[in-house]
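Each ligand, and each atom within it, is numbered from 1 in the order the structure gives.
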Amino acid sequence: MPQQVKCVGEDEENNDSPENRIKNSSITRLPSSPGATLGPALLEEIFYISSKRSTLYRVRLTEKCLSLRKESSTGASKTESILVDDIVGCRCMRSKRRNASSCGPCGPGASRTQPRLVESTEQLQPHDEYDSSAYLYIYAYTLKRAKVVGKSPGRRERMTVTLRFRSFDRYEDNLREASRWRLALQCLLHKLPVPKPYMSPAHRNLHSLLAATPNDPRKLLVILNPKSGSGRGRENFQRRVHPILAEAEMPYDIFITRHSDYARDFVRSRDLSQWSGIVLVGGDGIVYEAINGLLQRPDWQDCLERLPIGVIPCGSGNGLAKSIAYAKQEPYDYNPMLISALSIVKRNVSQMDLVRVETRKQTLYSFLSVGWGLLADIDIESERLRAIGGQRFTIWSVARLIGLRTYKGTIYYLPSDDADVNSKNHKNGNDSIHTEFNHNNISHSKSFADELDRYSSGGNQMRESKSYDGVFEENEYNDSKQRPLTTNGNMKTTTVKTEYGNEVDDFEIEDEPIIMNDVLTLETESSPNGVINNGGIDSVDGCGFGIGRRRCDSFFSAKSRKSTYFSTGSGSISSTYHSVNENGDPNCNMNGKDTIVYGPPPTLPALTTKVPSSWVKVEGEFVMVYAAYQSHMSQDCHFAPRAKLNDGIIWLLIIKAGISRTGLLQFLLGLSTGAHLSCPGVEMIPVRAFRIEPVEDSEGLLTVDGEKVDYGPIQGEIFSSLASVMCP
Ligand SMILES: Nc1ncnc2c1ncn2[C@@H]1O[C@H](COP(=O)(O)OP(=O)(O)OP(=O)(O)O)[C@@H](O)[C@H]1O
């Protein structure tokens, strides 16, 4: 992921700690001297808010920030900025013609004075001949800072900036200026160099500006498990993820799974060259299927390199989605779906380790964990309570604590040679833990999807990204009852409810930015003769006020917050829903389990032969053994706090028989915060490979990424950075 952009004084420490990240909140007030810290401007333009002609807004785009400098006629000025990293997309719009039957914008409470906008590319729409403006909509999800550092990680919220270009009489000329900004922004969002010659006002060819805008013809492949969690994946994707993909102009093909192993078979058997990444909507089970499907392809290496995996958490565990967000220090718990959707549109990719796992019957690739004993039992045995959602884990934890079992066998492991991890105290390995919130409940105890039910039934008042199903939905959005926090005015202290309905903290919001609210609409001044006199690129550092120009076009109030909501409609990006035939199989006639597994050559001895003498051997009776390679095993199970996405380390946790029930309860309660590592009798060892050998003819359960595998000897070795994942 690119460095978090630091916009406040370059002398500040470049520390990406959660605290600093909160301090360097993405809406940032800047020192008053223009250009002091922003780097060279790619574009600069002067805008106004219609009601306040005495105040101008100098809007400047650099490679890192979109900044607004508010200058009043009294000489006072303030600058705020949005990080380019927080912008997901932008698009050009124009006014749609109002006819007699039209009431302007649709939707309850919509103002008659607001323009109704359509995409600038929608040629067939009747356009408003009285408004020659081109509107540039910029969508961002900015980090709201929390005043009490360390108590709460803040949250991301959507904001829209609308720039109305109206300096010229002809729409095409205004569109050209809007398109210039769009081109620069799109290049930055695609992480491509901005073509400088196109930024000059001397470049007046609209078509070449449009043609230069980056455009990846490949779509995303979305595979959605409608049965994950409590079964609301389809609805949640449509309502909460699609709008963000639409804002980012990321088209996708979506396939709904029809049965178990659908995702594995699909990924293994299809031509994947037409897609740019794989987004899995579901729990960790569907991720596991997709990864193993990729490793069953002869071109596995190319696919793993070329196709980053994104996850939209709709399952009951969602360990990977949480681990990715945690690795990037994103405030996940407040709105997991939003943070995960942002991972997909940001075009940031991180490498991820995979573990090659061998049992007597199969070879698998695992991204999360291998479990034996207590946690594996809870995971699998509580399946029969799936209907009650995530609470199944809590209930089964209690049951298993009462009827505690132990397992006899031998553990072997190859210690990690990473000096850094070995130099620390693994037993109390939570030295560097940062927790989002300090829950103190038994881990594995929440169903995200269940909580979504609660959310959508209105029990939990949470703010979310706009839905684009309707046209203007600002009423809903502006309804104060829908907002968990009052954010205007001075600092407020409010109890925040997370998406799960649990109160987390007194969350103190700093004073809201004084220029940028969640919606900001600015416009250029109009020019009757089409002359640019409002600060083009050639006057970046010293442009004047562009005084005294007369407006010649019609004018719809652009100051209303309501005026900036609009519908993108689902047709705005060419995404496709695919259905499959009743048999359900996507061009696939092989049984997934019998196919060849490819991947890097193993370095471990065969499961039937002895391990090298350099391995450590632990023999005896165990309550559990759990090998983890991500920080979180579910979204509230902070199992291996020091694990990184690609550190090349397996964190092997061993609890031997003899631990008291109280100790075990303490362990289970500590899982949500990472405090379990301090419990007596709990050992966490960083290793590169391991083998678990239950005694012959014994019974028990073994899991790989939460899925049951055949019981018997099992071994795993880590391959660093084998896969890649989409990151926020
Ligand atoms: N259409 C389907 N019908 C029935 N089962 C399915 C279907 N699609 C996928 N599955 C199976 O459902 C299992 C569970 O899916 P998934 O992991 O997405 O959700 P979950 O179990 O609720 O979440 P988690 O794994 O995070 O606990 C997968 O192993 C997959 O094989």
Side-chain angles (χ1 to χ4, degrees), residues 222-237 241 254-268 278-293 296 309-325 332 336-337 340 364-371 375-394 396-397 443-453 578-586 588 591-593 628 630 632-637 639 703-709:
V222 178
I223 304 178
L224 184 151
N225 178 359
K227 304 286 183 195
S228 294
S230 65
R232 299 176 67 95
R234 199 192 294 232
E235 178 190 336
N236 282 309
F237 180 82
V241 179
I254 185 163
F255 294 83
I256 314 292
T257 66
R258 299 289 288 256
H259 52 77
S260 185
D261 274 334
Y262 177 100
R264 182 203 302 259
D265 293 344
F266 187 104
V267 162
R268 186 191 60 222
I278 304 176
V279 176
L280 301 157
V281 185
D284 292 319
I286 194 163
V287 179
Y288 170 79
E289 278 193 18
I291 285 177
N292 280 284
Q296 288 173 353
I309 290 165
V311 193
I312 298 295
C314 293
S316 37
N318 308 315
L320 182 60
K322 173 73 189 224
S323 298
I324 293 171
Y332 176 90
M337 200 74 89
S340 305
L364 304 161
Y365 280 84
S366 159
F367 62 93
L368 199 63
S369 63
V370 171
L375 287 188
D377 294 351
I378 293 170
D379 224 352
I380 300 302
E381 290 172 356
S382 68
E383 272 285 338
R384 65 195 77 174
L385 301 181
R386 178 171 271 272
I388 66 166
Q391 293 305 321
R392 68 182 165 111
F393 296 121
T394 313
W396 215 261
S397 299
S443 178
H444 287 106
S445 66
K446 284 203 199 79
S447 158
F448 167 60
D450 283 354
E451 302 298 334
L452 279 176
D453 286 347
H578 294 262
S579 50
V580 289
N581 59 34
E582 273 312 303
N583 297 329
D585 277 332
C588 165
N591 174 353
K593 282 167 188 136
Q630 303 296 343
H632 290 74
M633 296 302 103
S634 71
Q635 60 196 18
D636 52 1
C637 178
F639 193 85
T703 56
V704 176
D705 297 349
E707 306 291 318
K708 187 178 165 188
V709 295

Test your reading of the structure: does [X] have an N or O sitting under 3.5 Å from an N or O of ligand 1?
X: Gly317; result: yes
X: Gly229; result: yes
X: Gly315; result: no
X: His259; result: yes

Protein heavy-atom partner closest to [atom] - residue, atom, separation in Å:
atom: atom 29 (O) of ligand 1; answer: Glu707 OE1, 3.5 Å
atom: atom 27 (O) of ligand 1; answer: Ser316 OG, 3.1 Å
atom: atom 30 (C) of ligand 1; answer: Glu289 OE2, 3.1 Å
atom: atom 13 (C) of ligand 1; answer: Asn225 ND2, 4.0 Å
atom: atom 21 (O) of ligand 1; answer: Arg386 NH2, 2.8 Å
atom: atom 3 (N) of ligand 1; answer: Lys227 CG, 3.3 Å
atom: atom 17 (O) of ligand 1; answer: Gly285 N, 2.6 Å
atom: atom 19 (O) of ligand 1; answer: Ser228 OG, 3.3 Å

Find all atoms of ligand 1 within a distance of less than 4.0 Å from any non-hydrogen atom belonging to [X], and give their numbers and elements.
X: Asp261; answer: 31 (O)
X: Gly282; answer: 18 (O)
X: Asn318; answer: 26 (O)

Inset, instruction - Look only at the side chain of Asn318 and the backbone of Gly315, and say whether a donor-acceptor pair between them is shorter than 3.5 Å. - result: yes
Inset, instruction - Taking side chain to side chain contact (heavy atoms under 4.5 Å, CB included) as the test, write out the residues that go with Asp284, two or more places apart. - result: Leu320, Phe367, Leu368
Inset, instruction - Please identify each residue that fulfils side chain to side chain contact (heavy atoms under 4.5 Å, CB included) with Ser323, with sequence neighbours left out. - result: Gln630, Ser631, His632
Legend entry - Any Gly706 heavy atom less than 4.0 Å to ligand 1: no
Legend entry - Rounded distance [0.5 Å steps], CD in Gln296 versus CG in Leu364: 9.0 Å
Legend entry - Distance (rounded to the nearest 0.5 Å) between Arg258 CZ and Phe266 CZ: 13.5 Å
Inset, instruction - Examine the proximity of ligand 1 to Arg258 and report which part, side chain or backbone, both or neither, has a heavy atom under 4.0 Å away. - result: backbone
Inset, instruction - Identify which of Asp284, Val281, Thr257, Ile256 has a heavy atom lying nearest to atom 24 (P) of ligand 1. - result: Asp284
